[in-house]
Number of protein chains: 2
Amino acid sequence: MADFPSPMGTASVTADLVVLTVQDNELRVLLVRRGIEPHRGAWALPGGFVLADEDLDAAAVRELREETGLTAPVGHLEQLASYGAPGRDPRGRVVTVAYLALLPHLPAPVAGSDAEGAAWVALPVGELAFDHARILADGVERARAKLEYSPLATAFCPPEFTITELREVYETVWDARLDPRNFHRKVTSTPGFVEPVGRSVAADRGRPAQLFRRGPTHLLHPPMLRPTP
Amino acid sequence: MADFPSPMGTASVTADLVVLTVQDNELRVLLVRRGIEPHRGAWALPGGFVLADEDLDAAAVRELREETGLTAPVGHLEQLASYGAPGRDPRGRVVTVAYLALLPHLPAPVAGSDAEGAAWVALPVGELAFDHARILADGVERARAKLEYSPLATAFCPPEFTITELREVYETVWDARLDPRNFHRKVTSTPGFVEPVGRSVAADRGRPAQLFRRGPTHLLHPPMLRPTP
DNA sequence: CCCTTTTTCGTCACGCTGACGATAAGCGCC
DNA sequence: GGCGCTTATCGTCAGCGTGACGAAAAAGGG
């Protein structure tokens, strides 16, 4: 690491969020409509500046809470990547540390103080402010890849879910169809992926399905295979 | 994204490198000995401040060139993660974007202007300045994982290499022993992993080995499996 | 009760892997 | 040149996980 004084004056640092959820068999992202310039009126990823005495992860957690009203620790949050091209923000040098959040479907989002509104927008979305389209694409790609070798699909589900609900998450995020019988075998035979609750729940039609919780495993061995188109 | 003025004054942004190589069946990392405070005399990851009109990736490429003297694009370079805990640098708020580089073994490294020396240090290393021990651990873990599902082990090899050299890379990075026969079958039967050059090379003893180049694939299907200890 | 729907269990062929034997192709030495 | 040693490369075979698909179980509705 070099030393002061810095050749690059200084930069502002923001934590922006790619918050994904699955609703109505659609992959949706939380977007806010910008209330101020630049890009006033355009859709953008939620986020904000990192505070002076705040860690990057803490800033992401705070932003997520502010935008979704989340209090309990549900879903999943991880650092995605950082973006700092010189011209990406017309106001000056801004380095953005992007985070990826996977959540079960929640009530209507809350608009932040600097936004005119917030909404869950189904993918693919249209134009976004700044380089947020690229950040979103990176987040979606990360999420798609992580479903293969991690049990993170359960982050899209409520605390108790059926195998079919979990399969619909995979089918939605991957935009593919999975065989219900093979999927059921795979999920229930992978140790630590899901644990049976013991109760069942009846849908509108068909045989009632068993309820499951997410298991203790953080890595799938062997991974869930994405069908080859 | 929120707007100016920033609640967090501003921060300095550095690009630090986890440069890994394999030499003498040891995984080694490029470290510099700090010539100035803080942590003067301590080992640290190479890196430096991002310039005013410079993208993050460009800063990483420049630092890598300055520290290793690399001109041609060899090996592999990717963003690792960002670190910005408030107290991680005693001089003030510094956000570091860490990069991971995988290189074949090179001649002696070059000491930067702000370092008293540079060296390839075999893992595990001792104490490091700042939070560089954590960054290094994250980089090594990323490298170990990537060898499973990507052909990045070839980044540790010279342009032309034998299957045995490639296997020794896996064995060194994973600290495991692989069956030479099964490894040979796996590598040569995975499409696009390696391509035969057509020539052979004789070692000190034994049958001469065929030479290979890295293939066009960027993802291994199915992945190379790490042995379960 | 029969039909429909959905969940859940079984069966079977195939491909990949781990374990390991066998052969090929060099070298040094006598 | 033949022999022994070492390493590279090819073969064989059992076991496991997977894709494809049949079949039974468990509800509700006419």
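Below, all heavy atoms of this structure are taken into account, side chains as well, without hydrogens, waters or symmetry copies. Below, read A as the first sequence line, B as the second, and so on, with proteins coming before strands; counting in each chain starts at 1.
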Enquirer: Should A:R177 and A:E171 count as an ion pair when the cut-off is N to O under 4.0 Å?
Expert: no

Enquirer: Would you kindly give the CG-to-P distance between B:D179 and C:dG21, to the nearest whole Å?
Expert: 11 Å

Enquirer: What contact category does B:T164 fall into here, base, sugar-phosphate, or nothing, at under 4.0 angstrom with non-hydrogen atoms?
Expert: sugar-phosphate

Enquirer: Establish whether the base of C:dG18 is bridged to the side chain of B:R181 by a donor-acceptor pair shorter than 3.5 Å.
Expert: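 No pair found.
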
Enquirer: In whole angstroms, how far is the P atom of C:dA24 from the CD atom of B:Q210?
Expert: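 Taking CD of B:Q210 and P of C:dA24, I get 17 Å after rounding.
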
Enquirer: Does A:R205 have a side-chain nitrogen or oxygen under 4.0 Å from the phosphate oxygens OP1 or OP2 of C:dT6?
Expert: yes

Enquirer: To the nearest Å, give me how far apart OH (B:Y149) and P (C:dC16) are.
Expert: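 Result: 22 Å.
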
Enquirer: Do the ring planes of A:H132 and A:F130 sit parallel (below 30°), tilted (30 to 60°) or perpendicular (above 60°)?
Expert: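 Tilted, since the angle between the ring planes falls between 30° and 60°.
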
Enquirer: Start with the C-alpha distance between B:D138 and B:Y83, add both sets of side-chain angles, then the distance that settles side-chain hydrogen bond (donor to acceptor under 3.5 Å, both in side chains), and finish with yes or no.
Expert: CA-CA 11 Å; B:D138 290 348; B:Y83 304 82; 2.6 Å; yes

Enquirer: Does a side-chain N-to-carboxylate-O contact under 4.0 Å join A:E78 and A:R142?
Expert: yes

Enquirer: Taking atom types as they are modelled, would you say the side chain of B:R185 forms a donor-acceptor pair with the base of C:dG18 within the 3.5 Å cutoff?
Expert: yes

Enquirer: Determine whether more than 12 heavy atoms belonging to other residues, nucleotides or ligands lie under 6.0 Å from atom CZ of A:R134.
Expert: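 Open: at most 12 neighbouring heavy atoms sit under 6.0 Å from CZ of A:R134.
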
Enquirer: Closer than 4.0 Å, any side-chain N/O of A:H184 to the OP1 or OP2 of C:dT8?
Expert: yes

Enquirer: Roughly, in whole Å, what's the span from CD in B:E165 to P in D:dT7?
Expert: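 Going from CD in B:E165 over to P in D:dT7 covers 14 Å.
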
Enquirer: How do A:K186 and A:P208 order along DNA chain D: which one's closest nucleotide is nearer the 5' end?
Expert: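 This one resolves to A:K186.
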
Enquirer: Without decimals, in angstroms, what is the distance between B:L225 CG and D:dC16 C1'?
Expert: 12 Å

Enquirer: Between the base of C:dT7 and the side chain of A:R207, is there a donor-acceptor distance below 3.5 Å?
Expert: yes

Enquirer: Name the residue closer to the 5' end of DNA chain C, choosing between A:F212 and B:S189 according to the nucleotide with the nearest heavy atom.
Expert: A:F212

Enquirer: What is the nucleic acid contact for A:A202, judged by heavy atoms within less than 4.0 Å: base, sugar-phosphate only, or nothing?
Expert: nothing

Enquirer: To the nearest Å, give me how far apart CD (B:E168) and C1' (D:dT7) are.
Expert: 11 Å

Enquirer: Provide, to the nearest angstrom, the distance between the CG atom belonging to B:N182 and the P atom belonging to C:dG15.
Expert: 18 Å

Enquirer: Quick one: B:F183 CZ to D:dG11 P, roughly how many Å, whole number?
Expert: 19 Å

